[in-house]
Amino acid sequence: MNEALRQAPLHSESSQTLDPQNWDEIRAQGHRMLDDMLDYAANIRDRPVWRPIPDEVRAHFRAKLPLESTDLGEVYREFTDFIVPYATGNVHPGFMGWVHGGGTAVGMLAEMLAAGLNANLGGRDHIPIEVERQIVEWTRQMFGFPAGASGIFVTGTSMANLMAVLVARTAALGRSVRQHGVGDEGASLTAYTSTAAHGCISKAMDIAGFGSDALRCIAVDRSHRIDVAALRARIVLDRDAGLKPFLVVGSAGTVDIGAIDDLKALSELCREQQLWFHVDGAYGALGILSPALAPRLAGLEHADSIALDFHKWGQVPYDAGFLMVRDGERHRDTFAAPAAYLRRETRGLAAGSSWPCDLGPDLSRGFRALKTWFTLKTFGTERLGAMITRTCALAAYLETRILAEPRLELLAPVQLNIVCFRYRAADANKVNGDIVIDIQESGIAAPSTTILDGQLAIRAAIVNHRTDACDIDALLSAVLDFGARRSSCDDGEVLNVERSPPLAM
Ligand SMILES: Cc1ncc(COP(=O)(O)O)c(C=O)c1O
């Protein structure tokens, strides 16, 4: 050991730990922070949804590594001045882009409690792991999975889908694939999903070593549901060519327009063909909590695995992805890896096997389960289901208003909570792309875009529990307003978008 380490002080006086010198001061500061964040959520409508980041604000985050201490109050001021006004905007009810949950005050408080406990949920015998097991059990009940099913929190559905591909791989090739790799047999494995599936499925096939070409993207019908007859035909074709179909990924809520595949038909096909049936239910799977939507998810209960996010329709603050596997043994076979330093005991802190690290690639893991536990308990599944139903009703309201407005055109059937439409114009793709950016920069709302049959769509995904009819109205007036201005603009002309002023805390 070098001399500098030997000379370092041994006693942890308060000046040498990272604990505050004065607990009263940090308590007061903490209360201010808590009040501010509650006010932030309570008064979110007073703010623009999003605002462009000025260069000087961006430059603030190109600072040198801080060698010296800075007063907490001062660091917090930087947070209020430079971070809060330029956040993503998904707490705001006008945020309708991509698929973003709105979070809740309850989830925020739970996240603070989790950070206070600083629990590591990779393993060992402590109650935070029992909380995660409680969520696994509740999720199992929600989806009608059998006893023996396993589940684990992950970052998001992209990770959960990747892990599901790996579990399906182990099921197809046997546990030895973990020592020997996929080999020649793996090179002939093929997987199936639809052209409307999320891009992370193809990425998962790539990362898992199969290559994205081994994923067959099957055509969809007008409603973006996978063509099951075409799927069956492709499986037969591949088998005839000597390939080994092993996995079908169905979608419960496609990212573009919210289509739900015929999960029952897919589950039957997979049973008949002895294929692993995985469902990407990133946001749609929690539709199971809505009595109005649950029947449309029929067949989900027969899946071999389901990927979903509690941070989308579940409104749990980011991140809270989840993977559920019907056969927990298969799940453990894929990831459990014994190590001397992770030895299990029957008593003491190393008891309680199996551990979450046996169910995924992560060893160190945070307490995502706590904010999900608080959310499920505080609101209850009935209230969450009613909120999910309401977001779909708002999407239907938006659809009705679009159909009644000759200047607008609906671009896809509205099946869930996502509405794709456009402003009618010459050079519509350019005009509608500009309209979306104009609206985002105005701070009025934040839709995103997608391309449907080569047509650029304004895409509004109503995921946030705070969104109301007035937010739909505001989005529509903004589309009509910016649409009129854009259509009358010369090419390349810069529109002067009026922006709301920043609002520091
Ligand atoms: C259908 C679908 N699958 C997968 C994902 C990826 O989920 P995540 O962003 O949590 O990784 C999304 C994200 O919106 C999605 O909508």
Any side-chain heavy-atom pair from [X] and [Y] closer than 4.5 angstrom?
X      : Y      : answer
Leu308 : Trp313 : no
Asn432 : Thr449 : no
Met33  : Ile26  : no
Leu247 : Leu215 : no
Lys203 : Ser158 : no
Cys420 : Thr450 : yes
Leu166 : Ile207 : no
Phe374 : Leu109 : no

Side-chain donor/acceptor of [X] to backbone N/O of [Y], under 3.5 Å:
X      : Y      : result
Arg390 : His465 : yes
Ser194 : Ala219 : no
Arg296 : Gly287 : no
Lys371 : Asp319 : yes
Ser305 : His278 : no
Arg45  : Ala42  : no
Glu111 : Pro317 : no
Arg422 : Ala457 : no
Thr70  : Val75  : no
Asp309 : His311 : no

Please verify the inter-ring angle class for [X] with [Y]; under 30° counts as parallel, over 60° as perpendicular, anything in between as tilted.
X      : Y      : answer
His331 : Phe335 : perpendicular
Phe145 : Phe143 : perpendicular
Tyr318 : His100 : tilted

Pair Arg32 + Asp36: basic N to acidic O under 4.0 Å: no

Within the 3.5 Å criterion, strictly below it, is a donor on Glu25 or Gln29 matched to an acceptor on the partner's side chain? no

Is it the case that the side chains of Asp206 and Ser212 hold a donor-acceptor pair, with the cut-off being a distance below 3.5 Å and no angle test? no

Nearest-0.5 Å distance, [atom1] of residue [X] to [atom2] of residue [Y]:
X      : Y      : atom1 : atom2 : answer
Tyr283 : Asn417 : OH    : CG    : 5.0 Å
Asp471 : Leu398 : CG    : CG    : 11.5 Å
Gln315 : Leu384 : CD    : CG    : 8.0 Å
Cys357 : Leu363 : SG    : CG    : 5.5 Å
Leu475 : Cys470 : CG    : SG    : 11.5 Å
Leu297 : Ser290 : CG    : OG    : 9.0 Å

Atom of [X], atom of [Y] and distance for their closest heavy-atom approach:
X      : Y      : answer
Asp280 : Thr157 : OD1-CG2, 3.3 Å
Leu370 : Ala114 : CD2-N, 3.7 Å
Ile218 : Asp227 : CG2-O, 3.7 Å
Ile458 : Pro447 : CG2-CB, 4.0 Å
Phe277 : Val279 : CZ-CG2, 3.6 Å
Arg486 : Ile435 : CG-CG1, 4.2 Å

Chi angles and distances behind the side-chain contact (heavy atoms from CB on, under 4.5 Å) call for Tyr423, Leu480: CA-CA 7 Å; Tyr423 187 86; Leu480 294 173; 4.1 Å; yes

Derivation of the side-chain contact (heavy atoms from CB on, under 4.5 Å) call for Arg485 and Asp438: CA-CA 10 Å; Arg485 291 158 70 183; Asp438 290 342; over 6 Å; no

Using the salt bridge (Lys or Arg N to Asp or Glu O under 4.0 Å) criterion, which residues pair with Arg424? Sequence neighbours excluded. Glu409

Does the pair Leu476 and Leu408 meet the rule for a side-chain contact (heavy atoms from CB on, under 4.5 Å), with working shown? CA-CA 9 Å; Leu476 271 184; Leu408 300 177; 3.5 Å; yes

More than 12 heavy atoms of other residues, nucleotides or ligands under 6.0 Å from CG of Asn22: yes or no? yes

Only one of Glu382, Arg383, Lys377 clears side chain to side chain contact (heavy atoms under 4.5 Å, CB included) with Phe379; which? Arg383

Which residue pairs pass the salt bridge (Lys or Arg N to Asp or Glu O under 4.0 Å) test when at least one of the two sits in residues 446-466, sequence neighbours left out? none

Determine, stepwise, if the pair Ile462 / Ile472 fulfils side-chain contact (heavy atoms from CB on, under 4.5 Å). CA-CA 9 Å; Ile462 321 297; Ile472 304 290; 3.7 Å; yes

